[in-house]
Amino acid sequence: MTNEELAAVFEHIANLLEIKGENVYRVLSYRRVAESLRTLGQDVHVLRAQGRLQEIPGVGKAIAEKIEELLDTGELGFLKRLEAEVPPSLIDLLQIPDVGPKRAALFWKQAGITTLEALEEAARAGRLRHLPGMGEKSEARILEGIEALRRRSHRLPLGVARPMALRWLDWLRQQPGVVRAELAGSLRRWRSTVGDLDLVAASHQPKALMDAFVLHPEVYRIIAQGENKASIETRNGTRLQLWCQPPEKFGSLWQYATGSKDHNVRLRGLAQKRGLSLSEHGLSDEDGHEIHFTTEEDLYHALGLPWIPPELREDRGEIEAALNGTLPPMLQREDLKAELHTHSNWSDGAATLDEMVSAAYQRGLRVIAITDHSAGLGIANGLTPERLREQRAEIETLHQRWGDKIVILQGAEVEIRADGHLDYPDEVLAELDIVIASLHVSLRQPRAEVTQRLLNAIRNPQVDIIGHPSGRLLPNREGADLDWEMVLTTAQQYGVALEINANPARLDLDDVYARRAAEMGIPLALNTDSHTPTDFDLIEYGIGIARRAWVEPSQIINTWSPERLLAWLRARG
DNA sequence: GCCGTTTTCGGCCCGACTGTTTTCAGTCG
């Protein structure tokens, strides 16, 4: 079982226990372990073999035993007994907005409803309104919720959500009385996918702003509307939330709405230790005196912490690091001096070599590598070794034109074929300045097979970078089922760089494995995979991932001076 | 079920919004 599969089991247990009405903190402890497993970045089998399961945050004796049983047998007696008590299909009901564990239990115990279909039928027949605590409005809301569930797609990729949110932000900033408006939530934390769009505003006229918000022409329906908070669904099925407070509370509000939930829970714990209570309004003492914060900095300082960058706010050790003064330095766009993964119209890019070089130069880069596709990837108009040599001739003329303004490297993104061989023979690779090896095809091979393909590439001394290692495409195509432990330890051994691909459809490595790779001292490359000049600006998304992964600038080869980078490439052969 | 700068037992975050209620429960973030 993978970490992800184990996490799903514990999440499932948490849901069932919650419907059963178990102690909420017991439920939370299973949720916490699920989250820990998802973000571990290290194969749980390895920790188990070393007897270190209880080092995982939130794992104690009882859950360690359950993990062992699952790893050994693939099953869990405890879960089987639980599923005999609580019908597992009830968990589907929890996806409906306004249906939580209490109502799921109510529908099951008082109306014999155990599936989404049965619930919908009962709601249509008007049979829910008579249940305790229910009424016509609740019944209608649930029916609406079921329809919204069908309408609403999966989580949005950040690359879709962010531009959409920026347009709303522009609109907000034009509203009368608005002093300030910003992105919040997972958008601001640069999570690679987001569930809804969170926006915050400071306004002298909150009521008027809320009214204007819900009347916006893109609003399909209003989910909730109050004085300080409103939530709507747009015509394209996206949910937006807007929080509003007067300017003197903006710092607390922005911090609160940025989250993550787990991070905020920890902060409230810190406040509690000081005899204070923290909310979106600020800090209050036992007598109810409130301290307001106009900036996030002031709020963190009041809790004895330095300001914590949003990308780190996931309760993955940032609170401890902040307390110890060991928060990592955050990568800035200015740190990046090289773009090492670009395509031109020699393969599937849209621009000429010169246009791509120019785009890099305009953005202050000092090195660009042209890495068109190899011949095997038919759809991408890949280059044969002959065309590769013709391209080299053209790049030579670019060297003349650009002189020492920018270093232009010729490279290739060479396909790792389904049979595990690279698309070019080693002698062709040896002629190139830089080689990226990537998986695009046969990603669904069994773990051993697909992992072996990647290992072959990592061990090839001509290969400098493994491009978008998992091959995932957001939001729907999962990456290859890799044995990450093997991939990472082999990359470490051979000193090959792993790419953080900044294209918002990829963001691959993800933050979890990028963090693990950085901890292991594996060099990382941060590239846009640009196919057009404007793609260079997608680097912001990759910077978000690098920050979320606690990667320090010096660990990224694109931050190195041209001399150091070229020396590293030469040393690799 | 976990966890310990006060604890091996007794804690474990906080408020907005909605609907069904006459003071609160459920859900959500």
Side-chain angles (χ1 to χ4, degrees), chain A residues 10 13-14 17-19 21-36 53-67 78 93-107 128-142 144-145 184-186 189 194-200 206 210 214 222-232 239-245 249 252-253 255-284 290 303-304 315 323:
Chain A
F10 288 112
I13 291 173
L17 288 175
E18 204 172 23
I19 294 171
E22 264 289 350
N23 176 295
V24 288
Y25 296 106
R26 191 177 175 210
V27 173
L28 276 176
S29 61
Y30 282 98
R31 290 237 157 85
R32 170 143 194 248
V33 168
E35 182 61 14
S36 284
L53 283 179
Q54 292 194 43
E55 290 177 23
I56 300 171
V59 175
K61 189 164 174 289
I63 292 187
E65 283 171 3
K66 290 184 174 72
I67 293 176
F78 170 74
L93 306 192
L94 301 179
Q95 297 171 53
I96 306 168
D98 301 320
V99 177
K102 295 284 177 11
R103 283 183 171 165
L106 176 76
F107 299 148
L128 296 184
R129 64 185 67 174
H130 307 300
L131 295 171
M134 294 287 295
E136 284 188 38
K137 282 189 177 174
S138 301
E139 187 180 69
R141 251 178 110 88
I142 282 170
E144 216 172 41
S186 46
R189 303 198 311 277
V194 304
D196 55 14
L197 312 185
D198 295 310
L199 302 165
V200 293
M210 289 303 167
V214 299
I222 302 166
I223 298 164
Q225 181 190 7
E227 280 177 48
N228 307 110
K229 190 177 149 184
S231 134
I232 58 103
R239 284 169 171 239
L240 266 89
Q241 285 196 99
L242 174 63
W243 282 272
C244 186
Q245 290 287 345
K249 291 185 180 176
S252 337
L253 174 67
Q255 194 290 317
Y256 164 80
T258 297
S260 67
K261 191 175 193 298
D262 292 337
H263 177 85
N264 287 357
V265 167
R266 291 292 309 277
L267 286 194
R268 291 189 194 119
L270 285 184
Q272 248 187 352
K273 277 188 186 164
R274 296 170 174 242
L276 302 167
S277 166
L278 177 66
S279 77
E280 61 262 49
H281 300 289
L283 275 174
S284 56
E290 264 192 7
L303 293 172
D315 189 24
L323 287 168

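All chains are named by letter (A, B, ...) in the order of the sequence lines, taking the proteins before the strands, and each is independently numbered beginning at 1. These numbers were taken from a predicted model, which means no experiment stands behind them.
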Decide, yes or no, whether a salt bridge links R31(A) with E18(A) under the criterion of side-chain N to carboxylate O below 4.0 Å. yes

Spacing between [X] atom [atom1] and [N] atom [atom2], to the nearest angstrom:
{"X": "W243(A)", "N": "dC14(B)", "atom1": "CH2", "atom2": "C1'", "value": "13 Å"}
{"X": "L270(A)", "N": "dC12(B)", "atom1": "CG", "atom2": "C1'", "value": "14 Å"}
{"X": "I223(A)", "N": "dG26(B)", "atom1": "CD1", "atom2": "C1'", "value": "17 Å"}
{"X": "K261(A)", "N": "dC12(B)", "atom1": "NZ", "atom2": "C1'", "value": "13 Å"}
{"X": "F78(A)", "N": "dG1(B)", "atom1": "CZ", "atom2": "C1'", "value": "10 Å"}
{"X": "E290(A)", "N": "dC14(B)", "atom1": "CD", "atom2": "C1'", "value": "12 Å"}
{"X": "K273(A)", "N": "dC12(B)", "atom1": "NZ", "atom2": "P", "value": "12 Å"}

Nearest-nucleotide comparison on DNA chain B, the residue closer to the 5′ end among D98(A) and V59(A): V59(A)

Select from L94(A) and G135(A) the residue whose nearest nucleotide in DNA chain B is closer to the 5' end of that strand. G135(A)

Rounded distance (nearest 0.5 Å) linking atom CD of E35(A) with atom CZ of R32(A): 10.5 Å

Rounding to an integer number of angstrom, what distance separates [N] and [M] when you compare their [atom1] atoms?
{"N": "dG29(B)", "M": "dT21(B)", "atom1": "C1'", "value": "24 Å"}
{"N": "dT22(B)", "M": "dG26(B)", "atom1": "P", "value": "14 Å"}
{"N": "dA16(B)", "M": "dG11(B)", "atom1": "P", "value": "26 Å"}
{"N": "dT6(B)", "M": "dC12(B)", "atom1": "P", "value": "15 Å"}
{"N": "dG15(B)", "M": "dG10(B)", "atom1": "P", "value": "26 Å"}
{"N": "dT7(B)", "M": "dC14(B)", "atom1": "P", "value": "22 Å"}
{"N": "dT5(B)", "M": "dG1(B)", "atom1": "C1'", "value": "23 Å"}

With a 3.5 Å cut-off and heavy atoms only, can you find an N or O donor on one side and an acceptor on the other between the side chain of Y25(A) and the base of dG11(B)? no

Per [X] side chain, nearest of listed nucleotides [options]:
{"X": "N228(A)", "options": "dA16(B), dG19(B), dG1(B)", "answer": "dA16(B)"}
{"X": "N23(A)", "options": "dG15(B), dG29(B), dC12(B)", "answer": "dC12(B)"}
{"X": "R141(A)", "options": "dG29(B), dG19(B), dC2(B)", "answer": "dG19(B)"}

Can you check whether [X] has a side-chain N or O nearer than 4.0 Å to OP1 or OP2 of [N]?
{"X": "K229(A)", "N": "dC28(B)", "value": "no"}
{"X": "H281(A)", "N": "dA16(B)", "value": "yes"}
{"X": "Q54(A)", "N": "dC3(B)", "value": "no"}
{"X": "S138(A)", "N": "dT20(B)", "value": "yes"}
{"X": "R32(A)", "N": "dG1(B)", "value": "no"}

So what does [X] hit on the nucleic acid, given a heavy-atom distance under 4.0 Å: a base, only sugar-phosphate, or nothing?
{"X": "L267(A)", "value": "nothing"}
{"X": "R103(A)", "value": "sugar-phosphate"}
{"X": "K66(A)", "value": "sugar-phosphate"}
{"X": "Y30(A)", "value": "sugar-phosphate"}
{"X": "E65(A)", "value": "nothing"}
{"X": "I96(A)", "value": "sugar-phosphate"}
{"X": "K137(A)", "value": "sugar-phosphate"}
{"X": "S277(A)", "value": "sugar-phosphate"}

Who is the Watson-Crick or G-U wobble partner of dT27(B), with both distances under 3.5 Å? dA16(B)

Looking only at heavy atoms, the pair that brings D198(A) and Q241(A) closest together is OD1-NE2, 3.0 Å

Give the minimum heavy-atom separation between I222(A) and I232(A), together with the two atoms involved. CA-CG2, 4.2 Å

Once the angle between the rings of Y30(A) and F78(A) is folded into 0 to 90°, is it parallel (under 30°), tilted (30 to 60°) or perpendicular (over 60°)? parallel

Side-chain donor/acceptor of S36(A) to backbone N/O of I56(A), under 3.5 Å: no

